[in-house]
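The next block holds one structure in the form of structure tokens; read it before the comments.
Quick caveat, the model's predicted, so the values are computed rather than measured. What you see below is based on every heavy atom in this structure, not just the backbone, and it leaves out hydrogens, waters and symmetry mates.
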2 protein chains.
Amino acid sequence: METAGGRKRFRGTGLSGESPVKLSDVAALAGVSAATASRALNTPGKVSDAMRDKVRAAAATLGYVPDAAARALASRRSRTIGAVVPTLDNPIFAAGVQGLETRLEALGYALVVASSDYRAEKELRQTTTLVERGVEGLMFVGIAHRPSLYRLLETRGIPYVSTWSFDPSDPHPGIGFDNFEAASRMTDYLLGLGHRRFAMIAGITRDNDRAAARLAGVRHVLAARGIVLESRNVIETPYGVTEGRDAFHTLLGGRPDGRPTAVICGNDLQAFGALFEAAAMGLDVPGALSITGFDDSVMSGHIPPGLTTMHVPTAEMGQLAADYLVNCIEGRPVRAKTRVEVRLVVRGSSGPAPR
Amino acid sequence: METAGGRKRFRGTGLSGESPVKLSDVAALAGVSAATASRALNTPGKVSDAMRDKVRAAAATLGYVPDAAARALASRRSRTIGAVVPTLDNPIFAAGVQGLETRLEALGYALVVASSDYRAEKELRQTTTLVERGVEGLMFVGIAHRPSLYRLLETRGIPYVSTWSFDPSDPHPGIGFDNFEAASRMTDYLLGLGHRRFAMIAGITRDNDRAAARLAGVRHVLAARGIVLESRNVIETPYGVTEGRDAFHTLLGGRPDGRPTAVICGNDLQAFGALFEAAAMGLDVPGALSITGFDDSVMSGHIPPGLTTMHVPTAEMGQLAADYLVNCIEGRPVRAKTRVEVRLVVRGSSGPAPR
DNA sequence: GCAGTCAATGAAAGCGCTTTCACATTGATG
DNA sequence: CATCAATGTGAAAGCGCTTTCATTGACTGC
């Protein structure tokens with residue numbers, strides 16, 4: 001009663017009457033069967049040209065809009081893809097989603113987005129509702145997911161792909177880069193500049209394999225050179241400018257001796273914060289210390305002195321994810337693992353270690 | 001043949017077999033009719049407690065996941081909302097969509113996003129496909145839309161709401177702020193600081209009522225004070241840092257005399273660009289000239305000297321849009337027009353006119 | 001000229017679910 | 001005790017579309 005009542009009222013909300021133009025109406029106007037009308041609209045090659053035109057004309061006069069639900073039910077195809085990202089508030093994910101959407105729309109698919117808030121458990125919940133919604137493919141960020149998430153998708157045969165992370169040892173399809181290796185490269189670069197005292201402002205590593213891999217990569221390379229990244233020189237904090245700023249202050253404050261000469265940040269936002277705080281503290285960058293970011297977001301080339309960072313092809317990953325999923329769905333061959341290139345972009349925020 | 005073949009191959013792609021657990025399977029296991037199973041799952045109040053538990057248990061053992069297409073077809077409800085935004089690459093829209101998504105998920109609705117690329121014609125196309133997809137409500141950005149867009153929605157009785165713009169004279173439901181008034185306020189503020197020579201770096205006004213209203217607001221206030229905004233002092237350019245930078249350079253370059261002392265930008269990104277270019281040109285901000293933005297994006301409080309800008313409650317608009325649409329859909333009363341507050345945030349980039 | 005082929009069409013059977021509607025039960029009521 | 005209203009449940013009819021399958025002609029080749 002309640003639901004029905006609500007619906008009735010909603011139905012009444014429409015200014016004009018509803019538009020219950022259905023395929024059979026189009027067929028009737030065109031003087032053909034519903035089957036033919038369907039074919040004329042969806043697989044024009046299967047009907048005569050005259051037929052096609054006649055049906056199209058009828059559809060146009062009636063303002064026919066197909067009902068996706070009915071179509072999905074009958075054809076078992078929703079032509080919808082889902083994406084679960086941590087948050088659209090991080091421009092980097094927004095850009096990835098934009099890349100995905102653009103490509104999907106060109107391929108005739110719609111995009112349903114859901115956010116996980118960096119929580120594996122919420123990711124699983126969101127995924128379940130997307131599956132209920134009938135998405136034919138799913139894009140995730142990162143490779144650390146609940147096992148039951150994979151199980152859900154695999155038992156139902158729904159294609160999926162991880163992005164942002166590339167790990168050859170991970171058995172699941174993925175499009176991304178090796179965060180560990182990228183962080184290693186950044187560290188190598190800084191070592192090459194003579195830095196020996198390091199600090200890191202990392203993202204929250206829990207439920208975030210990218211943040212964890214970046215931290216691990218830094219640690220690994222330093223350890224190989226006999227340098228220990230002390231825990232007081234590592235701060236995990238959410239990705240954000242203010243957070244980066246605060247972390248930098250904690251790291252550098254009240255420590256005139258043995259200060260790090262290189263601060264590696266988990267992403268650009270944190271690095272911007274570090275940069276601003278360094279300026280506020282009167283620390284010369286890169287003279288007194290170097291600061292690096294990760295993502296190469298739009299501001300990093302502009303903010304003085306220019307942020308040294310790792311360029312990540314976000315839109316490209318979204319686009320490749322779209323291609324991967326649609327190819328899976330449409331039965332074309334796919335490569336399960338695709339590695340995209342990240343590029344070290346050296347700008348003014350990094351330089352030789354002091355002394 | 002082609003489609004069927006593709007589908008067959010896709011079906012075979014699933015690692016394990018498909019999971020065609022349908023409601024009737026659940027009903028059978030629970031030893032009840034499909035009707036009762038449906039009720040037990042969706043309207044628990046209509047069945048006995050024992051029944052409810054029995055069906056839920058059966059659904060759980062079978063790993064039942066309802067088919068949204070079938071449900072939508074039978075109930076005429078998709079529980080899906082659509083959003084058409086210019087682009088997710090602009091963090092401001094990404095944040096709005098994030099606000100919308102968060103609220104919708106709490107209300108049990110899914111979100112389909114599409115981007116218009118700031119083009120009215122693409123917006124119409126995207127809207128049509130969303131309508132085909134069966135969205136029950138739609139969110140747009142701005143109030144300038146193709147008439148046929150409104151017609152489509154109204155003949156079908158689909159609730160919709162514009163955001164980002166508030167115009168009492170616009171007959172359509174909307175949640176936003178008055179861009180004209182906001183830009184006027186900004187201009188007033190600068191006039192109060194003694195500025196008389198103005199320039200504006202505006203967004204592309206075609207198909208963008210926000211950009212147009214902001215420009216008009218500036219023009220209007222200046223005209224009221226007898227100041228003409230000469231066309232050589234207005235540049236329309238896409239929202240972006242580089243674009244803002246270039247525009248600023250054009251505006252200020254090779255013009256030692258009669259230079260503007262206040263540059264009003266259409267959004268923060270352009271303002272950042274202006275700020276950077278001013279620094280590169282050795283122009284003192286706010287000593288020699290003031291620069292203002294619009295949006296109050298996350299960086300504006302951090303970038304020295306701090307950007308004076310108009311704070312826009314993006315997430316709040318998304319959230320209000322979600323509430324509005326869902327209330328419409330579920331037959332609850334709604335307010336057709338909601339005005340949100342924008343706030344002038346004065347920071348270091350603006351100051352008294354020189355001299 | 002006649003079997004055989006092929007393209008074009010229509011009839012009809014669902015896709016998996018919701019939702020009347022009718023049919024028992026039950027318990028309360030006069 | 002017979003009557004009436006709840007209450008809980010099942011049978012069955014679709015929701016609007018796609019897709020077999022069968023049928024019809026029109027055409028080919030021998």
Side-chain angles (χ1 to χ4, degrees), chain A residues 1-8 11 18-28 30-55 59 62 64-79 131-134 136 156, chain B residues 1-8 11 18-28 30-55 59 62 64-79 131-134 136 156:
Chain A
M1 201 55 15
E2 188 187 325
T3 309
R7 225 173 87 220
K8 200 160 288 163
R11 290 284 157 198
E18 294 307 291
S19 166
V21 178
K22 48 184 76 164
L23 186 59
S24 57
D25 298 330
V26 175
V32 300
S33 72
T36 302
S38 171
R39 281 187 286 250
L41 263 17
N42 302 317
T43 50
K46 288 186 181 168
V47 298
S48 66
D49 290 4
M51 183 87 290
R52 172 171 47 67
D53 296 343
K54 202 163 53 173
V55 174
L62 260 32
Y64 171 66
V65 174
D67 178 321
R71 184 200 293 246
L73 180 56
S75 66
R76 320 298 316 133
R77 302 274 331 264
S78 65
R79 292 193 81 81
V131 168
E132 291 185 16
R133 244 86 197 185
E136 294 187 60
R156 304 186 67 97
Chain B
M1 202 61 11
E2 189 187 324
T3 310
R7 225 174 85 219
K8 199 161 287 162
R11 287 285 159 198
E18 295 307 292
S19 166
V21 179
K22 48 183 75 163
L23 185 60
S24 58
D25 298 331
V26 175
V32 301
S33 74
T36 302
S38 171
R39 282 187 284 249
L41 263 16
N42 303 317
T43 49
K46 289 186 181 169
V47 299
S48 64
D49 289 5
M51 183 86 291
R52 171 172 48 67
D53 296 343
K54 202 162 51 172
V55 173
L62 259 32
Y64 171 67
V65 174
D67 179 321
R71 183 201 294 246
L73 180 55
S75 66
R76 322 296 319 135
R77 303 263 285 109
S78 66
R79 292 192 81 80
V131 169
E132 291 185 14
R133 243 87 197 187
E136 294 187 59
R156 304 186 66 97

message = I need the CE-P distance between A/Met51 and C/dA7, as an integer number of Å.
response = 18 Å
query = Atom CZ of B/Arg52 and atom C1' of D/dG8: how far apart are they, to the nearest Å?
reply = 14 Å
query = Can you tell me how far P of D/dC15 sits from CG of B/Leu23, to the nearest Å?
reply = 19 Å
key: C/dT18 OP1/OP2 closer than 4.0 Å to side-chain N/O of B/Arg71   = yes
inquiry  = Measure CG/A/Leu41 against P/C/dT9 and give the value in whole Å, please.
reply    = 14 Å
note = note: A/Asp49, atom CG; C/dA7, atom P; distance rounded to Å ~ 14 Å
message = Please check this pair: side chain of B/Arg79 against backbone of A/Arg133, looking for a donor-acceptor N/O pair closer than 3.5 Å.
response = no
query = Looking at CZ of B/Arg71 and CD of A/Glu132, how far apart are the two atoms once the value is rounded to the nearest 0.5 Å?
reply = 6.5 Å
message = Without decimals, in angstroms, what is the distance between B/Lys54 NZ and D/dT9 C1'?
response = 11 Å
key: A/Ser38 side-chain N/O to D/dC17 phosphate OP1/OP2 under 4.0 Å   = no
query = Counting only side-chain N and O atoms of B/Ser48, is one of them less than 4.0 Å from OP1 or OP2 of D/dG8?
reply = no
query = Would you say a side-chain N or O of A/Ser33 is under 4.0 Å from OP1 or OP2 of C/dA11?
reply = no
query = Can you name the closest pair of heavy atoms from B/Ala37 and B/Ala27 and give their distance?
reply = CB-CB, 3.8 Å
key: Presence of A/Ser75 side-chain N/O under 4.0 Å of C/dC15 phosphate oxygens OP1/OP2   = no
inquiry  = Nearest to the side chain of B/Ala74, heavy atoms from C-beta on, is which of D/dC15, C/dT9, C/dA11?
reply    = D/dC15
inquiry  = Base of C/dG10, side chain of A/Arg39 - is there a donor-acceptor contact under 3.5 Å?
reply    = yes
ask   = In terms of the nearest nucleotide of DNA chain D, which residue is placed more toward the 5' end: B/Ala35 or B/Leu73?
value = B/Ala35
message = When you compare the side chain of A/Leu23 with that of A/Leu41, does any pair of heavy atoms fall below 4.5 Å?
response = yes
Residue closer to the 5' end of DNA chain D, B/Gly31 versus B/Ala70 (nearest nucleotide) = B/Gly31
note = When rounded to whole Å, the NZ to C1' distance for the pair B/Lys46 and C/dT19 reads 8 Å
ask   = D/dC17 C1' sits how many Å from B/Arg76 CZ, rounded?
value = 11 Å
inquiry  = Restricting to non-hydrogen atoms, name the atom on B/Lys54 and the atom on B/Ala30 that form the minimum distance, rounded to 0.1 Å.
reply    = CE-O, 3.6 Å
